[in-house]
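Each remark here refers to the structure printed beneath this line.
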Amino acid sequence: MTPFLPPMDPPLPFGSLLVEPEEARSILRPQKDERYGFGFALSPYRGCSHGCRYCYVREYPNALHAPGDWGGWVAPKLNAPELLWSQRHKLHNARVFMASATDPYQPLERQYRLSRRCLEVLLLCPTTDVIVHTRSPLVLQDLDLLRAFGSRLSLGLSIPTDDDTVRQVVEPHAPAIPSRWAAVERLAAAGIQVTVGVAPLLAVHDAQAFARRTRASGATNAWVGGLRLLKQDPFYKVLADHGWLKVLDPDYKDSIRQAFAEAFPTRKAPKPPKAKAMPAVAIMPEPRQPGLFDRVG
Ligand code: SF4
């Protein structure tokens, strides 16, 4: 099958990105906190060229790079698929989250295909469920593989704002918002259930229209996750300079959630009696989709 290759934003030229291929010593990071909903985090890359300005991963201890270099370097873990294969015995009845500290479909994945090859290993682990979370329509290049997982796969796509001018400031090297909508639509049309993560919630232009757009895209689910800043996080100044401090206000988050609750109205259980209404989206407990927005462990 020829994979569908979507029109892409121009990737960050590799020429300006420091690419540091490495041999990883481990690939599965256990997550003992059950609230996160998965047993292992899997990151085929260290670093992330999307370089989101709020990304706390930049603060992870790193001998070679200062937090200010975040987005300018990526270390592909060349042996990630082989390492994963050698540790597959750990994955019986487990759920794996890809990826907790990087985007598995950042532009380098076009070249290295490490996320794809890890997925190919996971596909051979029949009792293992997989959560893939990305900001990039590059995920469509693995559409065939993703479909092969069937109900074992949960796919999330982050769309934290409806306003691409906000995205340009905050996620300067991540794909444009319209291209993410196109990806959701394409995935949904291919029969893949997609959850839109409005997370971390950024400044929104029109909450109701945003929520309706999400519904119309074919997403089966959505959730709204708040922004969490580190102590003395420089991103606070970005918010202040642009007049976006409201994103830290719990009432703001509640208002966005309400808009999504209206766009995805509560489904009734199909049969009486006395079945409780099934929550649809946005009002469901916020999934602990980790790593990208919350400090894990
Ligand atoms: S938030 Fe995700 S996509 Fe953005 S820089 Fe961090 S790891 Fe990459």
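Just so you know, ligand 1 is whichever comes first in the structure, and atom 1 is the first atom listed for that ligand. Along the sequence shown, residues carry numbers from 1.
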*Hey, is Tyr56 one of the residues with a heavy atom under 4.0 angstrom from ligand 1?*
no
*asked:* Any salt bridge linking Arg135 with Asp103? Criterion: basic side-chain nitrogen under 4.0 Å from a carboxylate oxygen.
replied: no
*State whether Cys48 contributes an N/O/S atom found under 2.8 Å from atom 8 (Fe) of ligand 1.*
yes
*Give the numbers and elements of all ligand 1 atoms closer than 4.0 Å to a heavy atom of Trp70.*
5 (S)
*Heteroatom test (N, O or S) for Cys55 near atom 4 (Fe) of ligand 1, limit 2.8 Å*: no
*Compute the minimum heavy-atom distance from Val57 to ligand 1 and say whether it is under 4.0 Å.*
no
*Under 4.0 Å between a Lys/Arg side-chain N and an Asp/Glu carboxylate O for Glu185 and Arg213?*
yes
*Measure the distances from the heavy atoms of Gly51 to every atom of ligand 1 and state whether one is below 4.0 angstrom.*
yes
*For ligand 1, which atoms sit closer than 4.0 Å to a heavy atom of Thr102?*
7 (S)
*In chain order, what residues pass the salt bridge (charged side-chain N to carboxylate O under 4.0 Å, His left out) check against Asp233, with sequence neighbours excluded?*
Arg58
*When you check the gap from the basic side-chain N to the acidic O, do Asp164 and Arg167 get nearer than 4.0 Å?*
yes
*Between Leu91, Leu83, Leu84, which is the residue that forms a side chain to side chain contact (heavy atoms under 4.5 Å, CB included) with Gln87?*
Leu83
_Suppose we screen for salt bridge (charged side-chain N to carboxylate O under 4.0 Å, His left out). Which residues come up paired with Asp129, at least two apart in sequence or across chains?_
Arg95
*Find all atoms of ligand 1 within a distance of less than 4.0 Å from any non-hydrogen atom belonging to His50, and give their numbers and elements.*
3 (S)
